[in-house]
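Report on the following structure.
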Amino acid sequence: LKSATSFGILERRGNHYNTSVWHAMRGDSHYAIKRKAKSRDDWSVYEEAMLLHHLVHPNIVELSGLLESNRELGIIMPYVELDLEFVLLG
C-alpha cells in the first residue's frame, strides 16, 4: 500500500457516488487515483484492484498500486488523457 502524501495531486477529474477520481503525479509519472471513503463495503475496492491486477488487455489500464489512509482507500492506475464519451459516441 502506498501513501497518498507521496503523490502530488493536480486536479479532480470526476465524481461518481462516493468515489472521486484525481489526476496526480509522482516523480515524472502521471497517475489516476480513484479514491473512496472507507465504509462497510471496502471489499469492493479490493475486489476491483484484484480484477485489474489479473486482467491483461491493451484496452484495460493496469493496476499501479493501492493506497490507504485512516479515512480513504484508493486504486492507483496510469493516467490516460481520453474522453471516453467522445470515443464511444463520436
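Residue numbers run from 1 in the order of the sequence given.
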In terms of hydrophobic clusters joined by side-chain contacts under 4.5 Å, are Ile76 and Ile9 together?
yes
Any side-chain heavy atom of Ile75 within less than 4.5 Å of one from Leu63?
yes
Shortest non-hydrogen pair, Asn70 vs Lys38, comes out as O-CD, 3.6 Å
Not counting sequence neighbours, list each pair that qualifies as a salt bridge (Lys or Arg N to Asp or Glu O under 4.0 Å) and has a residue in residues 47-57.
Lys34-Glu48
Report the distance from atom CD of Glu72 to atom CD1 of Ile33, rounding to the nearest 0.5 Å.
10.0 Å
Holding to side chain to side chain contact (heavy atoms under 4.5 Å, CB included), I want the full list of residues that pass it with Asn15, two or more places apart in sequence or in another chain.
Arg12, Ser20
Partners of Glu62 by salt bridge (charged side-chain N to carboxylate O under 4.0 Å, His left out), sequence neighbours excluded?
none
Worked verdict on Arg13 versus Glu81 for salt bridge (Lys or Arg N to Asp or Glu O under 4.0 Å)
CA-CA 10 Å; Arg13 297 296 294 172; Glu81 182 68 51; 3.5 Å; yes
Nearest 0.5 Å, what's the NE2-OG distance between His53 and Ser64?
12.0 Å
Side-chain touch Leu66/Tyr46, heavy atoms, less than 4.5 angstrom:
yes
Side chain to side chain contact (heavy atoms under 4.5 Å, CB included), paired with Met77, selected from Val21, Ile60, Val61
Val61
Residues at least two apart in sequence or cross-chain that pass side chain to side chain contact (heavy atoms under 4.5 Å, CB included) with Ser44, listed by chain then number, are Lys36, Asp41
Taking side chain to side chain contact (heavy atoms under 4.5 Å, CB included) as the definition, give me every residue that meets it alongside Leu10, ordered by chain and number, with sequence neighbours left out.
His23, Met25, His30
Side-chain contact, heavy-atom cut-off 4.5 Å: Trp22 with Glu11?
no
Can you give me the closest heavy-atom contact between Tyr31 and Phe7, atom names plus distance?
CD1-CE2, 3.7 Å
Apply side chain to side chain contact (heavy atoms under 4.5 Å, CB included) to His54 and list each qualifying residue two or more places apart in sequence or on a separate chain.
Met50
